[in-house]
Amino acid sequence: MEPVAIVTALALIQYFWFGYHVSVTRVRHGIKAPAVSGHPEFDRSFRVHQNTLELLMVFLPALWLFGWYVHALSGALVGLLFIAGRFVYRKGYLDDPSSRRPGSILSVVAVGVLMSGGLIGAVLSWID
């Protein structure tokens, strides 16, 4: 399960880095807390961070279920696709929010593979 743990740590580091970027843009544009909007660059950065959190809530358990019931290395590789998808999503959203779709699709597909594989693996393990 070490590959799964490594990908988990990488995903959390990525999320932390996205959050750091939110704070930098908040300061750069003088957005005072608790405001969550105010300048387009800040708004986009904030949404990238929040959308990543929304997906992490499904990604992390799905990654671990897949790793446990299917195959740890395969799960970790799919998890790396999720992380790559988040970087593509971030770049697209920060450049032009309408171009975020490829990264979003890559992330959601990775989560779907992990979630469905983990569920199938758990069911098969249970009935075996």
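Remember, it's a predicted structure, so these values are computed and weren't measured experimentally.
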CZ of Arg86 to CG of Leu81, rounded to nearest 0.5 Å, is 13.0 Å
Exam field: side chain Gln14 to backbone Ile83, donor-acceptor pair closer than 3.5 Å: yes
As a quick check of understanding, evaluate side chain to side chain contact (heavy atoms under 4.5 Å, CB included) for Gln50 and Leu53, giving each step before the final call. CA-CA 5 Å; Gln50 290 304 300; Leu53 175 62; 4.3 Å; yes
Taking atom CD of Glu2 as the centre, does the number of heavy atoms from other residues, nucleotides or ligands within less than 6.0 Å exceed 12? no
Separation of Ser23 OG from Phe42 CZ (nearest 0.5 Å): 9.5 Å
Please find out if less than 6.0 Å separates the ring center of Tyr15 from that of His49. yes
Is Leu119 linked to Val108 within one hydrophobic cluster, defined over Ile, Leu, Val, Met, Phe, Trp and Tyr using a side-chain heavy-atom separation of less than 4.5 Å? no
Ignoring hydrogens and geometry, is there a side-chain-to-backbone donor-acceptor pair from Arg100 to Gly92 under 3.5 Å? no
Of all residues at least two apart in sequence or in a different chain, which pass the side-chain hydrogen bond (donor to acceptor under 3.5 Å, both in side chains) check with Ser37? none
Counting C-beta onward and ignoring hydrogens, is there a side-chain heavy-atom pair between Val58 and Met115 closer than 4.5 Å? yes
To the nearest 0.5 Å, what is the distance between CG on Leu106 and OH on Tyr89? 13.5 Å
Residue pair Ser107 / Gly85: nearest heavy atoms and the distance that separates them: OG-C, 3.3 Å
Could you tell me the separation between the NE2 atom of His39 and the CD1 atom of Ile31, rounded to the nearest 0.5 Å? 7.5 Å
Do the rings of Phe82 and Phe59 sit parallel, tilted or perpendicular, given the 30° and 60° boundaries? parallel
Does a side-chain heavy-atom distance below 4.5 Å link Val48 with Asn51? no
Are Leu114 and Met1 connected in a single hydrophobic cluster, I mean Ile/Leu/Val/Met/Phe/Trp/Tyr linked by side-chain heavy atoms less than 4.5 Å apart? yes
Strictly distance-based, threshold 3.5 Å: is any side-chain N or O of Ser116 a donor or acceptor partner for the main-chain N or O of Gly112? yes
Could you go through the salt bridge (Lys or Arg N to Asp or Glu O under 4.0 Å) check for Asp95 and Lys91 one step at a time? CA-CA 6 Å; Asp95 291 347; Lys91 170 127 178 55; 2.5 Å; yes
Would you say Val111 and Phe18 are hydrophobically clustered, going by side-chain heavy atoms of ILVMFWY under 4.5 Å? yes
Taking only residues two or more places apart in sequence or in another chain, which ones pass salt bridge (Lys or Arg N to Asp or Glu O under 4.0 Å) with Arg28? Glu41
Of Ser99, Ser45, Pro40, which is the lone residue that meets side chain to side chain contact (heavy atoms under 4.5 Å, CB included) with Leu94? Ser45
Side-chain heavy atoms nearer than 4.5 Å, only ILVMFWY residues, links allowed to pass through others: does that put Leu65 and Val78 together? yes
Hydrogens and angles aside, do Thr8 and Trp64 bring a side-chain donor and acceptor to less than 3.5 Å of each other? yes
For Val24, the other hydrophobic cluster members (4.5 Å side-chain criterion, sorted by chain and number) are Tyr20
Applying the 4.5 Å side-chain criterion to the ILVMFWY set and letting contacts propagate, would Tyr69 and Leu77 be lumped into a single cluster? yes
Ignoring hydrogens and angles, tell me if any N or O in the side chain of Arg26 forms a donor-acceptor pair with the backbone of Ala35 under 3.5 Å. yes
Answer yes or no: is there a donor N or O on one side and an acceptor on the other, between the side chain of Ser74 and the main chain of His71, under 3.5 Å? no
CG of Leu56 to OG1 of Thr52: how many Å apart, nearest 0.5 Å? 6.5 Å
Could you give me the CA-CA distance, side-chain angles and deciding distance for Leu10 and Leu80, then say whether side chain to side chain contact (heavy atoms under 4.5 Å, CB included) is met? CA-CA 9 Å; Leu10 291 174; Leu80 289 174; 4.1 Å; yes
With side chains defined as the heavy atoms from C-beta onward, is the minimum distance between Leu12 and Leu60 less than 4.5 Å? yes
Do Leu63 and Val7 pass the side chain to side chain contact (heavy atoms under 4.5 Å, CB included) test, and can you show the C-alpha distance, the side-chain angles, and the key distance before you say yes or no? CA-CA 9 Å; Leu63 172 65; Val7 169; 4.0 Å; yes
What's the verdict on side chain to side chain contact (heavy atoms under 4.5 Å, CB included) for His21 and Phe16, showing C-alpha distance, side-chain angles and the deciding distance? CA-CA 9 Å; His21 188 260; Phe16 184 82; over 6 Å; no
